[in-house]
Protein chains: 2
Amino acid sequence: MTQLDDLDRAIIRLLKRNARLTISELSEQLNKPESTIHFRIKKLIEKGVIDRYTILLGEEMIPKKTAIVVIQAETPIIEDFLERYVNHLMRTLSMMPNVLMVAKSGKDTVIAIVGGENEEKLDEFINENIKTLPTLKNVYVYPIDKFGKGKELVNFLTEV
Amino acid sequence: MTQLDDLDRAIIRLLKRNARLTISELSEQLNKPESTIHFRIKKLIEKGVIDRYTILLGEEMIPKKTAIVVIQAETPIIEDFLERYVNHLMRTLSMMPNVLMVAKSGKDTVIAIVGGENEEKLDEFINENIKTLPTLKNVYVYPIDKFGKGKELVNFLTEV
DNA sequence: TATGAAAGACATCATGT
DNA sequence: ACATGATGTCTTTCATA
């Protein structure tokens with residue numbers, strides 16, 4: 001594990017908020033010479049602490065309404081079919097542009113984060129494209145009414 | 001709503017993968033003049049299509065094990081207490097560094113994405129810090145075994 | 001590992017097609 | 001939408017401590 005000092009953490013926090021801050025701006029805000037900031041960032045990237053730089057899309061590009069959907073597959077008579085079916089389910093869901101995240105939990109459960117332009121279109125998508133998938137035991141839908149933390153995951157996960 | 005053309009989308013996709021690409025690199029990869037790329041990016045930022053630039057943390061900084069936790073609050077005798085209690089719950093969870101995301105669904109449900117160094121520490125955290133919260137009706141824990149899409153949300157949400 | 005200075009690369013802007 | 005060139009800013013490298 002890599003040990004970070006205060007300067008490393010300060011750089012990371014500032015870059016998380018705005019990765020377009022120049023080295024000279026960082027140097028000014030943190031009262032360190034440009035070459036030091038440059039050296040630290042280079043090391044952080046080399047060590048893999050900073051993985052990569054990316055962009056977040058703005059409000060007008062992202063779904064206005066999201067929901068977390070918990071999907072449970074019916075246990076088939078032949079055990080081995082379950083794993084294959086759940087994998088197939090994950091691939092199917094992953095391909096849908098409305099589906100922001102897909103994860104597997106346990107043998108028979110798939111959890112997805114789903115987005116839509118508004119509440120109606122989101123419900124429509126879930127009813128027509130998820131609840132209709134074959135061989136499901138349960139589908140629990142948790143519409144998100146308000147984020148308390150991590151709201152921006154939607155901006156991050158949205159594709160164009 | 002803003003209408004994007006193929007060039008806009010191509011720029012966004014490349015910047016999502018690597019926001020440190022220079023205008024000249026983008027210009028080369030997309031076979032368009034630098035001035036055009038520069039102009040497009042400027043417009044995309046002005047229009048709010050690109051919200052901001054950020055960094056993702058690497059594997060060694062992020063929790064190795066995550067879980068989605070669905071928390072239902074007990075309905076109190078006095079209706080009005082429920083909203084206050086759920087809001088309090090959200091604030092409490094949001095302050096925990098292990099908690100990557102918190103969202104409210106309906107009147108009595110809070111959903112969180114929680115991370116830990118490994119399965120044992122994650123379970124410990126959930127058992128000691130979440131299941132022990134007062135006035136809960138149910139806590140469903142869905143440990144994530146595998147991501148099918150959106151895996152990087154963990155890199156995005158992790159703080160230092 | 002930290003720093004200062006210098007060289008080279010880059011973004012930005014204005015102007016014109 | 002694209003081309004070009006002028007300008008100032010930023011990154012990167014290297015020598016030194």
Side-chain angles (χ1 to χ4, degrees), chain A residues 1-62 97 152 155-160, chain B residues 1-62 97 117 152 155-156 158-160:
Chain A
M1 276 292 152
T2 307
Q3 199 61 24
L4 303 181
D5 67 8
D6 289 348
L7 181 56
D8 290 325
R9 273 188 292 272
I11 292 171
I12 289 170
R13 291 204 193 98
L14 288 171
L15 288 180
K16 273 210 152 245
R17 230 187 297 152
N18 177 13
R20 269 177 32 138
L21 286 172
T22 65
I23 291 180
S24 34
E25 285 167 327
L26 290 167
S27 132
E28 207 181 337
Q29 290 195 41
L30 299 171
N31 287 308
K32 294 282 171 186
E34 293 182 7
S35 47
T36 300
I37 304 293
H38 180 261
F39 179 77
R40 290 300 190 106
I41 293 179
K42 203 176 133 203
K43 285 293 169 197
L44 289 171
I45 293 173
E46 277 173 15
K47 288 187 291 188
V49 173
I50 294 176
D51 180 47
R52 62 190 184 88
Y53 287 65
T54 189
I55 54 173
L56 301 185
L57 299 188
E59 293 305 315
E60 63 178 317
M61 301 304 294
I62 68 173
E152 281 184 321
N155 303 253
F156 172 65
L157 293 174
T158 300
E159 291 168 356
V160 290
Chain B
M1 278 297 147
T2 307
Q3 198 61 22
L4 303 181
D5 67 8
D6 288 348
L7 181 56
D8 289 324
R9 274 187 292 270
I11 291 171
I12 289 171
R13 290 203 193 98
L14 288 172
L15 288 180
K16 270 208 155 251
R17 229 187 298 150
N18 177 12
R20 265 172 38 135
L21 288 172
T22 64
I23 289 181
S24 35
E25 285 166 326
L26 289 167
S27 134
E28 206 180 337
Q29 293 195 39
L30 298 171
N31 288 309
K32 293 282 170 186
E34 293 184 6
S35 50
T36 301
I37 305 292
H38 181 260
F39 178 76
R40 291 299 189 106
I41 294 179
K42 204 178 132 199
K43 286 293 171 197
L44 289 171
I45 294 173
E46 277 174 13
K47 288 187 292 190
V49 173
I50 295 175
D51 180 46
R52 63 189 183 89
Y53 288 65
T54 189
I55 54 172
L56 301 185
L57 299 189
E59 293 305 314
E60 63 177 320
M61 301 303 295
I62 69 174
E117 272 179 57
E152 281 183 321
N155 303 252
F156 173 64
T158 301
E159 293 167 355
V160 290

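Naming convention: chains lettered A, B, ... in sequence-line order (proteins, then strands); numbering from 1 in each chain.
- Distance CZ (B:Phe39) to P (C:dA11): 17 Å, rounded to an integer number of Å.
- Heavy-atom neighbours of B:Arg17 CZ from other residues, nucleotides or ligands within 6.0 Å: at or below the threshold of 12.
- Protein atom CD1 of B:Ile41 is 16 Å distant from nucleotide atom C1' of C:dC13, rounded to whole Å.
- Note on B:Lys32: only backbone sugar-phosphate atoms sit closer than 4.0 angstrom, heavy atoms only; bases stay farther off.
- At least one test fails for B:Lys16 against the ring of A:Tyr53: distance under 6.0 Å to the centre or angle within 45° of the axis.
- Between A:Arg40 and the phosphate of C:dA2, there is a side-chain N or O to OP1/OP2 separation shorter than 4.0 Å.
- Under 4.0 angstrom from either OP1 or OP2 of C:dT1 there lies no side-chain N or O belonging to A:Lys43.
- Here C:dT1 presents its C1' atom at 13 Å from CG of A:Leu44, a figure rounded to the nearest Å.
- Atom CD1 of A:Ile37 is separated from atom P of D:dT9 by 20 Å (rounded to the nearest Å).
- Nearest to the side-chain atoms of B:Ser24 among the listed nucleotides C:dC13, C:dA2, C:dC10 stands C:dC10.
- Nucleic acid contact for B:Glu34: none, since no nucleic acid atom lies under 4.0 Å from a heavy atom of the residue.
- In this structure, A:Leu21 places its CG atom 10 Å from P of D:dT11, rounding to the nearest Å.
- Taking atom CD on B:Glu25 and atom P on D:dT11, their separation rounds to 14 Å, with Å as the unit.
- Within 3.5 Å, no donor on the side chain of A:Ser35 pairs with an acceptor on the base of C:dA2, nor the reverse.
- Listed nucleotides: C:dA11, D:dA1, C:dC13. Nearest to the side chain of B:Ile23: C:dA11.
- Mapping B:Arg20 and B:Asp5 onto DNA chain D by nearest heavy atom places B:Asp5 closer to the 5' end of the strand.
- D:dC2 atom P lies 14 Å from atom CG of B:Leu26, rounded to whole Å.
- Side chain of A:His38, nearest nucleotide from C:dC10, D:dT12, C:dT3: D:dT12.
- Other residues, nucleotides and ligands place no more than 12 heavy atoms under 6.0 Å from the NZ atom of A:Lys42.
- The side-chain heavy atoms of B:Asn155 and B:Met61, taken from C-beta on, include no pair separated by under 4.5 Å.
- Classification of A:Arg40 and A:Asp5 as a salt-bridged pair holds, one side-chain N sitting under 4.0 Å from a carboxylate O.
- Between the CG atom of B:Asn31 and the C1' atom of D:dA3 there is a distance of 16 Å, rounded to whole Å.
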